[in-house]
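Structure first, commentary second.
Side-chain atoms are counted along with the backbone in the values below, which use heavy atoms only and exclude waters and symmetry mates. Index from 1, following the sequence.
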Amino acid sequence: TTDSYALPQGILQEGFDIGFYEDGPVQEVYTVSHGVRSFPFNQYRWVVRKSIDGGTTFAPFHEFFATLGSRDALNPKMHIDSEGNIYLTGTAQTDVADLNQYTWVTEKYTRATDSWAIVDRVATDGVESDESRPYAISEGVDGTIFVAGVKNINREWIVRASNDGGVTW
């Protein structure tokens, strides 16, 4: 084991994805999981950890909290493009109007500006137990980012694509 981590006042739930980026002589390794913190809200969040020594040691890099009426951020998947930008995609569980729904969220870390932003959301149709969930993220040979998953209560399979770094989908 090269990294073992528990959130403060909570436990790390599951490891979901790993990514690599070579920055000159430095091989960066990133892991993403979702974890729960028992204080103050029992809220799940995505936890990204980073290693700059090829995976020997890791340190906290980023936590994503679900927002806008959301309860939990779940099941993250990760992709790192050739420029070192990180894409995370997963679900944000919401309780809007007492409906248990899951919204698909894609977040991007832009290395050049050292910043994170939500770049895509796929909303539900607004009925009980409705869900939009991404299951995979990858990059095409031309640099297009693809995210595949299901939308709405009928579990319609969809693929979202962005060929401009997440500006449009």
Side-chain angles (χ1 to χ4, degrees), residues 1-39 41-67 70-93 102-122 132-150 159-167 169:
T1 301
T2 61
D3 188 32
S4 178
Y5 176 70
L7 287 168
Q9 300 181 27
I11 58 172
L12 195 63
Q13 295 296 313
E14 298 180 34
F16 284 97
D17 218 342
I18 190 166
F20 304 91
Y21 179 70
E22 192 168 326
D23 188 11
V26 177
Q27 181 174 0
E28 298 173 357
V29 182
Y30 296 86
T31 61
V32 63
S33 304
H34 80 236
V36 64
R37 182 174 287 175
S38 58
F39 178 81
F41 302 114
N42 260 358
Q43 185 183 46
Y44 286 90
R45 71 239 22 244
W46 301 338
V47 178
V48 180
R49 298 193 34 91
K50 176 183 178 180
S51 170
I52 58 171
D53 57 13
T56 303
T57 60
F58 285 82
F61 184 64
H62 176 65
E63 286 189 16
F64 172 78
F65 299 82
T67 57
S70 298
R71 246 187 10 214
D72 297 315
L74 304 167
N75 305 321
K77 304 292 184 231
M78 176 173 48
H79 176 73
I80 303 173
D81 71 16
S82 60
E83 296 176 6
N85 301 311
I86 301 171
Y87 294 83
L88 300 178
T89 192
T91 39
Q93 182 181 12
Y102 296 86
T103 299
W104 161 336
V105 176
T106 302
E107 186 184 33
K108 179 184 178 184
Y109 169 74
T110 304
R111 178 178 289 272
T113 59
D114 191 30
S115 62
W116 289 89
I118 294 174
V119 293
D120 191 33
R121 288 181 195 266
V122 178
S132 292
R133 293 180 186 247
Y135 288 103
I137 184 168
S138 192
E139 183 176 1
V141 294
D142 65 351
T144 299
I145 300 296
F146 293 92
V147 184
V150 295
V159 176
R160 308 267 298 164
S162 176
N163 62 7
D164 56 10
V167 176
W169 292 84

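- Between Val47 and Glu63, the shortest heavy-atom distance links the atoms CG2-CG, 4.3 Å.
- In this structure, Lys108 contributes its side chain and Asn85 its backbone to no donor-acceptor pair below 3.5 Å.
- A donor-acceptor pair under 3.5 Å links the side-chain atoms of Trp169 to the main chain of Val119, judged by distance alone.
- Test Thr91, Val105, Asp120 against Pro134 for side-chain contact (heavy atoms from CB on, under 4.5 Å) and you get one pass: Thr91.
- Taking both residues in full, the closest heavy atoms of Ser82 and Tyr21 are given as O-CE1, 3.5 Å, listed atom of the first, atom of the second, then distance.
- Asp81 contributes atom CG, which lies 11.5 Å from atom OG1 of Thr144 (distance to the nearest 0.5 angstrom).
- At least one side-chain heavy atom of Val147 sits less than 4.5 Å from a side-chain heavy atom of Trp104.
- Between Arg121 atom CZ and Arg160 atom CZ the span is 12.5 Å, to the nearest 0.5 Å.
- In this structure, the ring-ring contact (aromatic ring centres under 6.0 Å, His included) partners of Tyr109, at least two apart in sequence or on a different chain, are Phe61, Trp116.
- In the displayed structure, Gln27 atom CD is contacted under 6.0 Å by more than 12 heavy atoms of other residues, nucleotides or ligands.
- With sequence neighbours excluded, the residues forming a side chain to side chain donor-acceptor pair (under 3.5 Å) with Glu28 are Tyr30, Arg111, listed by chain and number.
- Here the side chain of Thr110 pairs no donor or acceptor atom with the backbone of Ala112 at under 3.5 angstrom.
- Within 6.0 Å of CD1 on Ile52 lie no more than 12 heavy atoms contributed by other residues, nucleotides or ligands.
- In plain terms, the two heavy atoms of Gly54 and Val29 that are nearest each other are C-CG2, 3.7 Å.
- Rounded to the nearest 0.5 Å, atoms NE2 (His79) and CD1 (Ile86) are 10.5 Å apart.
- Annotation for Pro76 and Asp17: closest pair O-CB, 4.5 Å, computed over non-hydrogen atoms.
- Counting heavy atoms from C-beta outward, Leu88 and His62 have side chains that approach closer than 4.5 Å.
- Residue Tyr135 comes nearest to Val150 through the heavy atom pair CE1-CG2, 3.7 Å, listed as atom of the first residue, atom of the second, then distance.
- Put simply, OH on Tyr87 and OG on Ser138 are 12.0 Å apart, with the number rounded to the nearest 0.5 Å.
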